[in-house]
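Worksheet for the structure shown next.
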Amino acid sequence: DVKVTQSSRYLVKRTGEKVFLECVQDMDHENMFWYRQDPGLGLRLIYFSYDVKMKEKGDIPEGYSVSREKKERFSLILESASTNQTSMYLCASDPRSLETSTDTQYFGPGTRLTVL
Amino acid sequence: AQSVAQPEDQVNVAEGNPLTVKCTYSVSGNPYLFWYVQYPNRGLQFLLKYITGDNLVKGSYGFEAEFNKSQTSFHLKKPSALVSDSALYFCAVRDGYGGSQGNLIFGKGTKLSVKP
């Protein structure tokens, strides 16, 4: 089975701290994604990556950055956490190549981040 | 632009009754449609997808969905609801085209509550 893991299930940080959220997948997927989930807003794409050292902005990249140094690992970075970044963060991966798009995404369990 | 609408924030059903969770979509090309379920404090789990072929798609846990091209809908259904089906359900669409335009677009989610 595909497995996507996230480094923390729950995280509490203070305003201004630098926060790292780690995601690892074990299926050699090319594509990885970071979403945030907020009530009434569904899932919103923050950043995604199609390959190592490659990244593209999603719909809401402001206040975030990402790093993909290895194929299996995709990190989300909050350079200076703010209270409006309190949310559930979901990582996902999929094996989709650029030529086909019939696959599905596989999700990690999520990290619930609280910024005080 | 691609979009997905889930018109109901919440659906309430009695156990044993049929359930329907609605989803409509808008894409420029052929739609690839997905349903995911999320249990409390968990990531999203894939339920089923429509790519091509039969309009009625069967998935996990007894769920099925019907693709209706003329109504641009992909409603999720189950003949007999269980209390354990209570969860948050997300519909997603991907335009049938690779590259960055092929990312999943999610609806805002519908909370399904099944009462005994």
Side-chain angles (χ1 to χ4, degrees), chain A residues 1-6 8-11 21 23 25 30-51 54-61 87-113, chain B residues 1-10 21 23 25 27-53 57 59-60 65 74 87-111:
Chain A
D1 280 350
V2 175
K3 193 167 184 183
V4 181
T5 57
Q6 295 183 229
S8 304
R9 294 298 305 275
Y10 300 94
L11 208 53
L21 303 183
C23 175
Q25 50 94 3
E30 290 82 11
N31 308 323
M32 297 189 74
F33 306 81
W34 275 106
Y35 297 90
R36 65 176 281 177
Q37 181 182 7
D38 301 288
L41 297 178
L43 272 69
R44 293 180 291 168
L45 183 62
I46 304 172
Y47 267 98
F48 58 100
S49 170
Y50 287 133
D51 203 350
M54 179 274 181
K55 60 185 178 184
E56 287 197 35
K57 293 179 180 179
D59 301 317
I60 52 164
S87 186
M88 170 73 106
Y89 290 87
L90 294 168
C91 176
S93 71
D94 72 40
R96 184 191 65 209
S97 70
L98 295 181
E99 289 73 40
T100 66
S101 57
T102 60
D103 297 301
T104 188
Q105 283 186 4
Y106 300 88
F107 283 82
T111 296
R112 187 166 292 282
L113 172 67
Chain B
Q2 301 174 80
S3 65
V4 176
Q6 293 182 241
E8 301 153 318
D9 291 335
Q10 180 153 348
V21 183
C23 172
Y25 66 89
V27 297
S28 55
N30 292 322
Y32 295 164
L33 294 154
F34 303 82
W35 275 102
Y36 289 84
V37 60
Q38 185 182 36
Y39 298 100
N41 296 314
R42 298 289 185 94
L44 275 66
Q45 296 178 32
F46 169 73
L47 272 181
L48 50 80
K49 65 182 177 183
Y50 171 83
I51 304 300
T52 187
V57 178
S60 306
F74 190 56
L88 190 56
Y89 290 81
F90 289 95
C91 181
V93 68
R94 168 179 286 157
D95 204 332
Y97 178 84
S100 60
Q101 297 177 41
N103 288 331
L104 283 176
I105 303 298
F106 287 86
K108 294 190 186 326
T110 298
K111 183 178 180 181

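In what follows, chains are A, B, ... by sequence order, proteins preceding strands, each numbered from 1.
Side-chain atoms of B/Arg94 and A/Thr104, non-hydrogen and from C-beta on, never get closer than 4.5 Å to each other.
Put simply, the side chain of A/Thr111 never gets that close to the backbone of A/Leu113: no donor and acceptor are under 3.5 Å apart. Formation of a donor-acceptor pair under 3.5 Å by the B/Thr110 side chain with backbone atoms of B/Glu8 is found in this model.
Proximity to chain A is absent for every atom of B/Ile105, based on heavy atoms less than 4.5 angstrom apart. For a residue to count as touching a neighbouring chain, one of its non-hydrogen atoms must lie under 4.5 Å from one of that chain's; by this rule A/Gln6 does not touch chain B. Residue contact with chain A, scored on non-hydrogen atoms closer than 4.5 Å, is absent for B/Gln45. Heavy-atom distances place the side chain of A/Arg9, and not its backbone, under 4.5 Å from chain B.
Relative ring orientation between A/Tyr35 and A/Phe33 is described as parallel, the plane-to-plane angle staying below 30° on a 0-90° scale split at 30° and 60°.
Put simply, the residue from B/Phe34, B/Tyr39, B/Tyr36, B/Phe90 that forms a ring pair (Phe, Tyr, Trp, His ring centres under 6.0 Å) with A/Phe107 is B/Tyr36.
Each of A/Pro109, A/Pro39, A/Cys91, A/Gly110 has some count of heavy-atom pairs under 4.5 Å with chain B, and the biggest count is that of A/Pro109.
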